[in-house]
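Every heavy atom of this structure was used, including side-chain atoms; hydrogens, water molecules and symmetry mates were not.
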Amino acid sequence: MKINQNTKKSSFLFLLSFLFFLLPGCANKRVTVRSAYDPLKYNESVTVYSINDPFPEKYEFLGEVKYGDSGFSDECDYIPAIESAKTEARKIGGNVLKVTRHKRPDLLNSCHRLTISILRVDRQYIVAPRQEKPSGTDSDYASLCIYRTNNTEGSPVNYNVYLDDQLIYRARNNSKCEINLREEGPIVLKAKSETDSELTLDIRLGESYYVKTTINTETMEAKPTLEVVDPASGAIESSTIKSISRIKSNPFHDRMVFKDGQEVKCIITGSDDQYIYYTTYKNGEKAKMIIEKTQIKSIKRDKR
């Protein structure tokens, strides 16, 4: 029997369509836009709230980005998906992302499946994302990691980062600064180059904060930026950086006040339910010390 060419062509197209139906789709990302503003610059800060963080106090919903089950895209991983969503947010003037659905990879699927809301938020209502305190977390301090990735944009330009006007970090390409904070409340970070950038964080003990710093060299003046990164992304991204670039001129940034009125400048290295472990100077040399918590009146950060 002679088969018609059109019949052969139709059968081939049907089979091809069927195979594409069975395979995961290449279109991993789906963007829905409800309203839009003027686009933000490519390097403007977009704050990310993880699935455990609450929505900001006041916001305008601009749209949504969904990442599905496709394994054909780099956006299958968590951090590339978040960076992609930031790009989509900037296109429509959004400055905050809120993760509302996050299905992690499992035995049946190797992708992170995400639904992310794009929001526009007045700067006064943007606070550092918070994460739920895991069991066993030492609540005597909050950890802060400021880092700069190994990007080529602006890499020759190094600049200083200050915490409440105290120099803590020389931001070099592919470096980071890690410190523990002993007091709750707002702190101000400033990155200073030819122009300055400023960021306020509301610190809560027992939580982790990640701040990514970059530099924009598109303009005549090199402008550094400070961007709050959600803890999950920040922990993964900063873990690849081995170079610690913390300023060492004043390592004893903690100040303990004992109940007898004595004060000691030190750096607290750890604690448990009963004791605090710290390093200080004794007889002109560095000494590792231990003290019961019941003997301590307060612990403060030296702001000099």
Taking the side chain as C-beta and beyond, is there a heavy-atom pair between Tyr159 and Thr213 under 4.5 Å?
yes
May I ask you to test the Met289-Tyr278 pair for a side-chain heavy-atom distance under 4.5 Å?
yes
Pairs under 3.5 angstrom only: tabulate donor-acceptor contacts from the side chains of residues 86-94 to other protein residues two or more places apart or in another chain.
| from | atom 1 | to | atom 2 | distance (Å) |
| --- | --- | --- | --- | --- |
| Lys86 | NZ | Glu83 | OE2 | 3.3 |
| Lys86 | NZ | Glu227 | OE2 | 2.5 |
| Thr87 | OG1 | Glu83 | O | 3.3 |
| Glu88 | OE2 | Lys29 | NZ | 3.1 |
| Glu88 | OE2 | Lys91 | NZ | 3.2 |
| Arg90 | NE | Tyr42 | O | 3.2 |
| Arg90 | NE | Glu44 | O | 2.9 |
| Arg90 | NH1 | Tyr42 | O | 3.4 |
| Arg90 | NH2 | Glu44 | O | 2.9 |

Please name the residue in the list Thr47, Asp122, Val121 that meets the side chain to side chain contact (heavy atoms under 4.5 Å, CB included) test with Pro56.
Val121
Note, Tyr169 side chain near Ile179 side chain (heavy atom, < 4.5 Å):
no
Any side-chain heavy-atom pair from Ile118 and Leu97 closer than 4.5 angstrom?
yes
Using the salt bridge (Lys or Arg N to Asp or Glu O under 4.0 Å) rule, pick out the option among Lys176, Lys212, Arg148 that qualifies with Glu237.
Lys212
Does a side-chain heavy-atom distance below 4.5 Å link Ile82 with Val229?
no
Enclosure of Tyr59 OH (heavy-atom neighbours >12, cutoff 6.0 Å):
no
Strictly by modelled atom types, are Thr225 and Thr214 linked by a side-chain donor-acceptor pair under 3.5 Å?
yes
Hey, could you give me the NZ/OG distance between Lys223 and Ser197, rounded to the nearest 0.5 Å?
5.0 Å
Give a yes or no on whether Tyr49 and Tyr125 share a hydrophobic cluster (residues Ile, Leu, Val, Met, Phe, Trp, Tyr; joining criterion: side-chain heavy atoms under 4.5 Å apart).
yes
Any side-chain to backbone donor/acceptor pair from Tyr147 onto Ser239? Under 3.5 Å, distance only.
no
Side chain to side chain contact (heavy atoms under 4.5 Å, CB included) against Tyr37, all qualifying residues, sequence neighbours excluded
Glu60, Leu62, Arg120
